[in-house]
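Since this is a predicted model, take the numbers as computed values, not measurements. Side chains included, hydrogens not; waters and symmetry mates left out as well; all remaining heavy atoms used. Residues: numbered from 1 along the sequence shown.
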Amino acid sequence: MEHWISIADSITVQEAIDFVQSPASGGIVTFTGTVRNQTQQKSVHKLFFECYEPMAVLELEKIAKAAGEKWPVQRMALLHVKGEKLPGEVVVVIAVAAAHRAAAFEACQFAIDTLKETVPIWKKEFFDDGEVWVAAHP
């Protein structure tokens with residue numbers, strides 16, 4: 001299984017789809033995470049993502065490898081941002097291509113759930129009255 005890992009200042013859904021798309025793929029599933037403009041009844045003005053990049057890349061590699069062992073996935077892209085992001089901006093994209101949709105859906109769900117649990121990427125939320133570091137998985 002081929003995969004592409006990226007932690008960058010900006011990412012797009014299309015670049016992930018372009019990587020995974022092939023004539024052998026019968027299905028492509030994508031998950032896109034964006035910045036919400038509110039959380040816990042407070043307006044969010046921006047988020048800041050910080051990570052320990054070498055460890056984050058290693059953990060993303062483990063996710064891709066595990067997904068490839070559990071499902072007949074052909075290609076996978078795992079992209080995440082770092083730095084400051086505003087509401088509506090894309091912060092994470094998972095794209096999975098497989099011959100059949102079930103494998104693509106299940107591998108994509110596994111990838112985003114595992115990413116939230118294991119990848120050392122932290123976010124800080126900024127409000128009118130302050131800021132707070134939040135857990136990736138509430």
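Ion pairing between a basic and an acidic side chain is recognised when a charged N comes within 4.0 Å of a carboxylate O; Lys65 and Glu61 show no such pairing.
Contact record, Val81 with Val90: CG1-O, 3.6 Å, taken as the closest heavy-atom pair. Residue Gln74 comes nearest to Ser25 through the heavy atom pair OE1-OG, 2.7 Å, listed as atom of the first residue, atom of the second, then distance. Considering every non-hydrogen atom in both Val20 and Ala95, the closest pair reads CG1-O, 3.6 Å. Residues Met76 and Ala67 come closest through the heavy atom pair CE-CB, 3.6 Å. Considering all non-hydrogen atoms of both residues, Ala98 and Pro72 come closest at CB-O, 3.7 Å. For Thr12 against Glu15, the heavy-atom pair with the smallest separation is N-OE2, 2.8 Å.
Between the side chain of Lys85 and the backbone N or O of Asp9, at least one donor-acceptor pair lies under 3.5 Å.
Listed by first and then second residue, the ring-ring contact (aromatic ring centres under 6.0 Å, His included) pairs involving residues 88-110 are Trp71-Phe110 (not counting sequence neighbours).
Rounded to the nearest 0.5 angstrom, Ile17 CD1 and Arg75 CZ are separated by 14.0 Å. Going from atom CD of Gln21 over to atom CD1 of Ile28 covers 4.5 Å, rounded to the nearest 0.5 Å. Here the NE2-CZ distance, from His45 to Phe127, works out to 9.0 Å after rounding to the nearest 0.5 Å. From Lys62, atom NZ reaches atom CG of Leu60 across 11.0 Å, with rounding to the nearest 0.5 Å. Separating the OG1 atom in Thr34 from the CG atom in Leu86 is a distance of 12.0 Å, to the nearest 0.5 Å. Between atom CH2 of residue Trp122 and atom CH2 of residue Trp133 there is a gap of 8.5 Å, rounded to the nearest 0.5 Å.
Under the 4.5 Å side-chain criterion, counting only non-hydrogen atoms from C-beta, Ile121 is not in contact with Val92. Taking the side chain as every heavy atom from C-beta outward, Ile63 and Val119 approach each other to under 4.5 Å.
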- Item | Check against side chain to side chain contact (heavy atoms under 4.5 Å, CB included), Leu78 and Ile94 | CA-CA 5 Å; Leu78 300 129; Ile94 309 288; 3.4 Å; yes
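For the side-chain contact (heavy atoms from CB on, under 4.5 Å) criterion with Cys108, the lone passing option out of Val29, Thr30, Val73, Asp113 is Val29. When each of Gln40, Lys42, Glu125 is paired with Val132, the side-chain contact (heavy atoms from CB on, under 4.5 Å) condition holds for Glu125 and for no other.
Classified by interplanar angle (parallel below 30°, tilted 30° to 60°, perpendicular above 60°), the ring pair Phe19/Trp4 is tilted.
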